[in-house]
Amino acid sequence: MSNIRAIRGMNDILPDETPSWQYVEGAIRQLMAGYGYSEIRLPIVEQTELFRRGVGEATDIVEKEMYTFADRNDDSLTLRPEGTAGCVRAAIQHGMLNTPQRLWYAGPMFRYERPQKGRQRQFHQVGLEAFGVASPDMDAEVILLTARLWRLLGVADDVQLQLNSIGSAQSRSDFRVALVSYLRDHFDALDEDSQRRLDSNPLRILDSKNPDTQALLDEAPSLTDYLDDQSRDDFNRLCALLDAAGVEYSLNPRLVRGLDYYNKTVFEWVTDRLGAQGTVCGGGRYDGLVEQLGGKPVPGVGFAMGIERLVLLLQECETLPQATADADVYVVSFGNEAQSEAVAASERLRDAFPALRIVQHNGGGSFKSQMKKADRSGARLALIWGEDEVAAGTVSLKALREDDKERVGQQSVPRAELEQTLRALLAD
RNA sequence: GUGGCCGUAGCUCAUCAGGUAGAGCACCGGAUUGUGGCUCCGGAGGUGGCGGGUUCGAGACCCGUCGGCCACCCCA
């Protein structure tokens with residue numbers, strides 16, 4: 001019988017890595033607060049119908065990537081493959097959309113795909129949704145916020161912003177007709193996938209990686225030429241705001257996105273340092289989504305970013321803070337009486353120094369092995385309780401790190417003075 | 001779903017015309033009756049992913065299967 005393993009593509013995040021995650025999450029939390037966004041926490045499971053209607057029936061996500069199952073009541077449920085649909089659902093359900101809302105959330109998402117670098121079946125996103133403002137100043141804010149994050153994390157030079165407008169539903173539909181007509185005339189020159197998409201999702205042919213197809217697209221109608229006036233004006237205004245704020249971007253008229261709800265502004269932050277899965281953050285405007293999910297027409301703009309990819313990028317760029325030890329003080333003892341005193345004293349120390357990380361040695365062992373643990377723990381100080389100390393009413397305090405050796409060394413401290421001695425030591 | 005590469009100790013990897021497995025790190029103990037880091041000595045730890053086949057004999061060869069990585073695809 002073989003051991004039970006984690007589900008394919010659903011990875012444990014081990015203690016080695018959690019500090020990196022906490023660092024990234026902390027930066028994001030601070031960033032969101034700095035722009036006036038509030039956190040919202042959403043269920044991981046929703047009715048399947050939400051994603052069918054929200055993400056779009058013809059998308060890859062809905063077609064073949066969802067974890068869908070029947071619950072005991074035979075309702076069809078789905079592990080959320082993305083966050084926007086659930087967030088919109090919640091905002092509608094709780095009547096939050098009478099006024100503009102700035103919201104963010106974080107958590108696991110699920111897509112049944114073949115795992116590879118930067119892609120797993122359970123992955124984590126931070127998402128942001130700004131509801132109720134249709135003008136491009138809101139698009140700009142959202143993008144500026146992401147740009148600030150890259151600066152905060154020290155990866156600003158390693159990501160590039162790609163920007164496009166895919167216009168209104170009407171202009172997109174006009175363009176689609178023209179594009180399909182053009183591509184049909186050159187059907188034989190298309191790669192196999194693109195031939196298939198010609199019917200199902202022709203806009204996605206635009207970002208085909210096939211060189212022949214790309215060459216063909218050079219002569220194809222351009223989405224830009226089909227933009228309605230409002231979309232064009234708003235896009236220009238967005239670009240002007242980004243220019244004024246000093247955010248660099250490249251216009252990518254072939255950038256479309258895989259979720260049906262997008263319109264007008266779409267953007268991606270990409271990096272060339274993560275292999276094939278180079279999109280760290282993607283988003284755009286979705287003015288029709290709220291209505292499509294049963295709310296009043298309320299515009300929205302947002303993004304999602306992948307935390308795994310972000311952590312990978314920070315590792316790649318070596319911009320993560322250095323790992324710190326687990327302990328500040330390691331407490332060893334020998335004999336029952338000494339241990340009783342040590343445990344009680346540690347509790348008092350935790351009262352006095354709530355931020356101090358005090359690790360108690362449990363499980364016995366020789367002084368030597370206990371000291372070895374003390375060293376391995378990375379603690380700065382060891383507190384040593386043995387028979388001699390019990391007899392003398394003292395505790396031995398020993399510096400474990402070179403920096404403290406000369407100043408602190410090993411000293412015998414009367415129990416009553418332990419707290420003040422520690423306070424003095426830790427003061428500098 | 002497709003393809004390429006890979007599966008030997010907790011980790012990183014050796015070994016090999018096919019003759020029944022080794023190192024470093026980590027772990028435990030000792031050298032040092034109550035004191036870590038360095039050094040030395042010792043110990044524990046592997047049904048060589050799993051199943052089948054070829055062979056006198058397979059971790060090594062073949063087939064299957066599962067898993068991992070990377071890529072296609074898609075996106076975060």
Side-chain angles (χ1 to χ4, degrees), chain A residues 1-9 11 14 16 55 59-65 80-84 106-128 146 159 191-194 196-197 201 204 207-210 255-259 262 266 268-271 274-283 302-313 330 332-335 338 361 363 365-391 396-402 405 409-410:
Chain A
M1 189 180 114
S2 55
N3 289 327
I4 295 176
R5 303 174 43 92
I7 306 298
R8 160 118 102 150
N11 299 332
L14 300 176
D16 273 10
V55 177
T59 58
D60 280 10
I61 289 178
V62 172
E63 261 180 16
K64 52 191 189 196
E65 294 175 1
R80 63 181 185 193
E82 60 98 51
T84 300
M109 306 293 166
F110 303 83
R111 292 183 201 171
Y112 190 90
E113 294 184 275
R114 197 72 173 254
Q116 69 179 80
K117 184 178 174 121
R119 187 171 79 186
Q120 41 281 127
R121 291 180 172 180
Q122 174 175 336
F123 59 103
H124 297 78
Q125 284 187 340
V126 168
L128 172 153
T146 54
V159 293
D191 61 276
E192 207 175 309
D193 280 327
S194 296
R196 189 171 40 76
R197 287 197 203 113
N201 204 344
R204 293 219 52 83
D207 48 25
S208 165
K209 282 171 193 158
N210 184 295
L255 176 66
V256 294
R257 293 184 48 75
L259 288 69
Y262 287 113
V266 294
E268 282 186 17
W269 286 96
V270 298
T271 177
L274 294 184
Q277 306 303 323
T279 302
V280 173
C281 172
F303 66 75
M305 63 186 148
I307 307 189
E308 280 85 354
R309 289 183 187 178
L310 207 41
V311 170
L312 270 179
L313 180 61
Y330 196 93
V332 308
S333 65
F334 203 71
H361 180 87
S366 64
F367 260 86
K368 184 185 173 64
S369 64
Q370 292 196 34
M371 287 306 293
K372 194 167 191 157
K373 296 284 192 195
D375 181 49
R376 293 284 162 96
S377 78
R380 199 175 148 193
L381 298 171
L383 286 182
I384 304 167
W385 301 77
E387 289 168 6
D388 296 349
E389 285 81 358
V390 170
S396 293
L397 185 157
K398 178 173 182 173
L400 296 173
R401 305 299 147 211
E402 267 333 299
K405 279 239 165 112
Q410 175 162 348

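Numbers restart at 1 for each chain; the letters A, B, ... are given by sequence-line order, proteins then strands. Everything numeric here is computed off the predicted structure, so don't read it as measured data.
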By salt bridge (Lys or Arg N to Asp or Glu O under 4.0 Å), A/Glu82 pairs with (sequence neighbours left out) none
Expected rows: protein N/O vs nucleotides 68-71 of chain B N/O, under 3.5 Å:
from  : atom 1 : to       : atom 2 : distance (Å)
B/G68 : OP2    : A/Arg8   : NE     : 3.3
B/G68 : OP2    : A/Arg8   : NH1    : 3.0
B/C70 : OP2    : A/Lys117 : N      : 2.7
B/A71 : OP1    : A/Ala276 : N      : 3.0
B/A71 : OP2    : A/Gln116 : NE2    : 2.8

Provide, to the nearest angstrom, the distance between the CZ atom belonging to A/Arg80 and the C1' atom belonging to B/A76.
13 Å
List for me each residue that meets salt bridge (Lys or Arg N to Asp or Glu O under 4.0 Å) alongside A/Lys372, sequence neighbours excluded, and say none if there are none.
none
Only counting residues at least two apart or in another chain, list the ones meeting side-chain hydrogen bond (donor to acceptor under 3.5 Å, both in side chains) with A/Trp269.
A/Thr146
Record whether the side chain of A/Lys405 comes under 3.5 Å of the base of B/G36 through a donor-acceptor pair of N or O atoms.
yes
Does a distance-only test, which skips hydrogens and angles, find a donor-acceptor pair under 3.5 Å between the side chain of A/Glu402 and the base of B/G37?
yes
Partners of A/Asp375 by salt bridge (Lys or Arg N to Asp or Glu O under 4.0 Å), sequence neighbours excluded?
A/Arg401
Pairing residues for A/Arg119 by the salt bridge (Lys or Arg N to Asp or Glu O under 4.0 Å) criterion, not counting sequence neighbours
A/Glu113
Partner set under side-chain hydrogen bond (donor to acceptor under 3.5 Å, both in side chains) for A/Gln125, not counting sequence neighbours
none
A/Phe334: partners by ring pair (Phe, Tyr, Trp, His ring centres under 6.0 Å), with sequence neighbours left out:
A/Phe367
Taken in chain and number order and not counting sequence neighbours, the residues that satisfy side-chain hydrogen bond (donor to acceptor under 3.5 Å, both in side chains) with A/Arg80 are none
side-chain hydrogen bond (donor to acceptor under 3.5 Å, both in side chains) partners of A/Gln370, counting only residues at least two apart:
none
Let me have RNA chain B in dot-bracket notation, would you? Count Watson-Crick plus G-U wobble pairs, both distances under 3.5 Å, and use [ ] for pairs crossing earlier ones and | for inter-strand partners.
(((((((..((((.....[..)))).(((((.......))))).....(((((..]....))))))))))))....
Can you find an N or O donor on one side and an acceptor on the other, under 3.5 Å apart, linking the side chain of A/Gln410 with the base of B/G36?
no
Under 3.5 Å, which protein N or O atoms sit close to an N or O of nucleotides 24-31 of chain B? Give each pair with its distance.
from  : atom 1 : to       : atom 2 : distance (Å)
B/C27 : OP1    : A/Arg376 : NH1    : 2.4
B/C27 : OP2    : A/Arg376 : NH1    : 2.3
B/C28 : OP1    : A/Lys373 : NZ     : 2.7

